[in-house]
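Naming: A, B, ... by sequence-line order, numbering from 1 per chain.
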There are 2 protein chains.
Amino acid sequence: MKATTFSALAEPNRLHIVELLARQPLTIGELAARLQLRQPQVSKHVRILSEAGIVEVEAVANRRICTLRAEPFEELDGWLRTYRQLWEDRFDRLGDYLQQLQHDASDPSPTDKADTSTHPDQEESP
Amino acid sequence: MKATTFSALAEPNRLHIVELLARQPLTIGELAARLQLRQPQVSKHVRILSEAGIVEVEAVANRRICTLRAEPFEELDGWLRTYRQLWEDRFDRLGDYLQQLQHDASDPSPTDKADTSTHPDQEESP
DNA sequence: CACAAGTATTCCTTGTCAGGAATATTCCTG
DNA sequence: CAGGAATATTCCTGACAAGGAATACTTGTG
């Protein structure tokens, strides 16, 4: 998962923009009116959202029509899938870990043991 | 949706922490080792994640065991539901809007018309 | 009770970002 | 082609966030 996606959504006005665009496409000016922001700031925010791949800007004469792109949301959805067991499975991960901690008091290889073996590997510096 | 959740995940190291904790709970020190960061910075990052409600910190003697909390992910999942039609329905929102733009050239109430009527209202300053 | 491991906190510095204001650009219309 | 609408860009300033370094706190142990 790219942090830039979260970064783009971390700004309240930008998050607001995204939620407005979820209802319908809007131009820069329309966004500015709804957000009570001045046009230049909206342009900047939209640019950032656009560079993050969240918003697509279509030029129609004078105006720029902003629409949401699906990809980042699909990616987010896929990312979330990894965490879905957190509230679905609900097994006692902390309990397991506490057990493991006690073991580790005498065990020389303390760190990477309790892998639940359901996650794709991304970490681990061997 | 709270921007603070995105804000907490916007920092690459913090996102990394979350992805590590998705596999198993870890202490501050273990996180520091995996992230190649110094302990104080990890403590700070974890504090921010904790204040955002993403991570729960349990004190066990000397150490602090960090685990993921489910709520923010559930909330994110619910939030995404609103956007799921973006890639599932795939109806031509931009085309609709272009139509509407032409209409609006003569129509005096240009802004709020094309409500798809499937979204909870949060915006609109009447 | 001194010591060490694990962690928290503070201070400092640097870089980044958001908004304001002014200005430039593009495009339509008469 | 002049003028106005919609938007982009630039410059500036103030706030804030992140890492480094040093230090304080806490807990188990000898």
Item to check | Those residues that, when tested against F73(B), pass ring-ring contact (aromatic ring centres under 6.0 Å, His included) (two or more places apart) | outcome: Y83(A)

Expressed as a whole number of angstroms, how long is the span from [X]:[atom1] to [N]:[atom2]?
| X | N | atom1 | atom2 | value |
| --- | --- | --- | --- | --- |
| I17(A) | dT7(D) | CD1 | P | 12 Å |
| E58(A) | dC27(C) | CD | C1' | 16 Å |
| L49(B) | dA17(D) | CG | C1' | 14 Å |
| E51(B) | dA17(D) | CD | C1' | 13 Å |
| L31(A) | dA8(D) | CG | C1' | 15 Å |
| Q41(A) | dC12(D) | CD | P | 17 Å |

Checklist entry - With both distances under 3.5 angstrom, what nucleotide forms a Watson-Crick or G-U wobble pair with dG30(C)? => result dC1(D)

Checklist entry - Distance check: side-chain N/O of H45(A) vs OP1/OP2 of dC17(C), anything under 4.0 Å? => result no

Item to check | Which residues share a salt bridge (Lys or Arg N to Asp or Glu O under 4.0 Å) with E75(B), sequence neighbours left out | outcome: none

Checklist entry - By salt bridge (Lys or Arg N to Asp or Glu O under 4.0 Å), which residues pair with R38(A), not counting sequence neighbours? => result none

Checking contacts here: which listed nucleotide ([options]) is nearest the side-chain heavy atoms of [X]?
| X | options | value |
| --- | --- | --- |
| R14(B) | dA18(D), dG19(C), dG19(D) | dA18(D) |
| R47(B) | dG19(C), dT9(C), dT9(D) | dT9(C) |
| S43(A) | dA18(C), dG20(D), dT7(D) | dT7(D) |

Checklist entry - By a strict heavy-atom criterion of less than 4.0 Å, which residues belonging to residues 4-13 of chain B are in contact with DNA chain C? => result none

Checklist entry - Does Q41(A) have any side chain to side chain donor-acceptor pair (under 3.5 Å) partners at least two apart in sequence or in another chain, and if so, which? => result none

Item to check | side chain to side chain donor-acceptor pair (under 3.5 Å) partners of E56(A), counting only residues at least two apart | outcome: none

Checklist entry - If you count the non-hydrogen atoms of other residues, nucleotides and ligands that lie under 6.0 Å from CZ in R47(A), is the total more than 12? => result no

Item to check | Selection residues 1-14 of chain A - residue pairs positive for side-chain hydrogen bond (donor to acceptor under 3.5 Å, both in side chains), sequence neighbours left out | outcome: R14(A)-H45(A)

Checklist entry - With sugar-phosphate meaning primed atoms plus P, OP1 and OP2, does I48(B) contact a base, only sugar-phosphate, or nothing at under 4.0 Å between heavy atoms? => result sugar-phosphate

Would you list the protein and nucleotides 4-6 of chain D atom pairs, both N or O, that sit under 3.5 Å from each other?
from: dA5(D); atom 1: N3; to: N62(A); atom 2: ND2; distance (Å): 3.0
from: dA6(D); atom 1: O4'; to: N62(A); atom 2: ND2; distance (Å): 3.4

Checklist entry - What's the spacing between L21(A) CG and C66(A) SG if we round to 0.5 Å? => result 6.0 Å

Checklist outcome for this item: Hits for side chain to side chain contact (heavy atoms under 4.5 Å, CB included) against A32(A), two or more places apart or cross-chain, chain-then-number order -> V42(A)

Next on the checklist: When you measure only distances, ignoring hydrogens and angles, does the side chain of K44(B) come within 3.5 Å of the base of dT10(C) through a donor and an acceptor?
Outcome noted: yes

Item to check | Pairwise 5' ranking along DNA chain C for P40(B) and L37(A), keeping only the more 5' one | outcome: P40(B)

